Amino acid sequence: MRHLARKQRFTVSAEALSLFIGWSNVTLQRLGTCTHWAVGIDGRSYQTDQWYNLSSNITASISRRLHVQKDHPISITRAIIESRFPGPTYKYYNNFFPVVSTQQNFDSLGFPTDHPGRSKTDTYYVNRETVLRTHTSAHQADVFRANESEGFLISADVYRRDAIDRSHYPIFHQMEGARVWDRTKVPNGDIAAAVLKDLEALPTHSMKVQDPNPPTHPERNPLQKEHSQAEAQAIAAHLKRSLELVVVEIFSRAKAAAISANPDFVDEPLKVRWIEAYFPFTSPSWELEIFWQGDWLEVLGCGVVKQDIMEKAGLPQQLGWAFGVGLERIAMLLFEIPDIRLFWSKDERFLGQFSGLSENLDSLRRFVPFSKYPACYKDVAFWLRSSSSSAGGGSRANSQDFHENDVMEIVRDIGGDLVEDVSKVDEFAHPKTGRKSLCYRINYRSLERTLTNEEANGYHDQVRKALVEKLGVELR
Ligand code: DAH
């Protein structure tokens, strides 16, 4: 975030910074005359540098760990998926710390150095080499190296700078899963046969699955040179069945919940499809989509683990599959939760609806929305600086270095969970000067009460000021 990068030009006292950050779990120390400070994140101290772009809303939420809070819908969703991957084959890791190195988050997985995911506009940086993990895959290589089981599940909070709407939040939760087989341990070293035997032991299901593509494709979804076609095919089949069974599990529980609320409930037949995909750390790779309320909804990514990752983990003789699934999206389907901000609510009208469920996953109930409060739309229109006038204003937004995520971050910093949605409603270039104008519409709406117009105006004025101060835009 540009405005935070700019702050380091000043030497600021620890007290002033603590006040600025304003949260008890963030502690800052001034280090002599150094213009960079150390930041405490959930009890650990990190040296920042010009890459630092965390905001107070984010650091304050790090300690929440929704995926392990008893009776929280994210935690319930995690437990339901875990039930499809039983121990001791699968070992669960639910307490990995969210601050990781760029090596773990990107390099260990083969992300190229110019991958857009590495940019400061997309990722929260503590310093040049340290980030808030953007996905649970950040821990894959370490868990493979530890080699404690044939399979594992890692559930954790992940962080991304992103749009603001009812299905995007800068913190969400993922579950990473993996299963490997060892050439030196399976009978006759025959991986394909061992995998197919394990596949046979899995239940079958009657869900409709579209899977039109061949298991591998020389250009679009290549077989790895270390694997035989039979091995990749068997691993893909085991992976796909395992994940289809997760979908069946989730939806049969959702259906049971719907029927308990309404005995006449009739659902549409469940439909899923496998799509070819690309990830730097798997090949071949797929995404799974679920047909839900008239649309195909992407729910997870997966594939055959790149052998290079196993080799670097010291396990060249092992091969297998991995997947990553977003827990919010699944929980929203499972409980019919309409807005992702609700997961962060401490309101009993939300949390109370899930009490006792962690202990009894068979008694799921659908979420019953409490009143929907009125929306309050406010627009903000501004000119970006023209690219030629950016000299000396390196931290300012001109048409080239402007990124929408910086607007999102500013709005979120000020409005927090009172902002439901931010969308661009207009964009044009001045016909003579070429200067660009943008207009964003912000919907201020609390999930818990009616916001007064004055209150929304107060936030909106702050947003307008911050856009000028931090991005250097000119309001229209
Ligand atoms: N890390 C990916 C993401 O966040 C998801 C993913 C895809 C994880 C494929 C995997 C995988 O383990 O094999 O989008």
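The structure presented is a predicted model; accordingly, all values stated were derived computationally and were not measured. Here, residue 1 is the first one in the sequence, and each next residue gets the next number. Read the numbers this way: they start at 1 and go in the same order the structure lists the ligands and their atoms.
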_Sole residue of H227, E276, Q229 in side-chain hydrogen bond (donor to acceptor under 3.5 Å, both in side chains) with T216_ = Q229
*Can you list, by chain and residue number, every protein residue with a non-hydrogen atom closer than 4.0 Å to ligand 1?*
H135, S137, Q140, R160, Q174, E176, F279, F281, T282, G301, C302, G303, A322, F323, G324
*Residue pairs involving residues 163-172 (criterion side-chain hydrogen bond (donor to acceptor under 3.5 Å, both in side chains); sequence neighbours excluded)*: D165-S167, D165-H168, Y169-D417
*Quiz item: cation-pi between K271 and F291, 6.0 Å / 45°*: yes
*asked:* Tell me whether the NZ or CZ atom of R183 lies within the 45° cone about the ring axis of W181 and under 6.0 Å from its centre.
replied: no
*Taking the inter-plane angle between the rings of H115 and F111 on a 0 to 90° scale, is it parallel (under 30°), tilted (30 to 60°) or perpendicular (over 60°)?*
perpendicular
*Quick one: sort the Y159 and Y124 rings into parallel, tilted or perpendicular, breaks at 30° and 60°.*
perpendicular
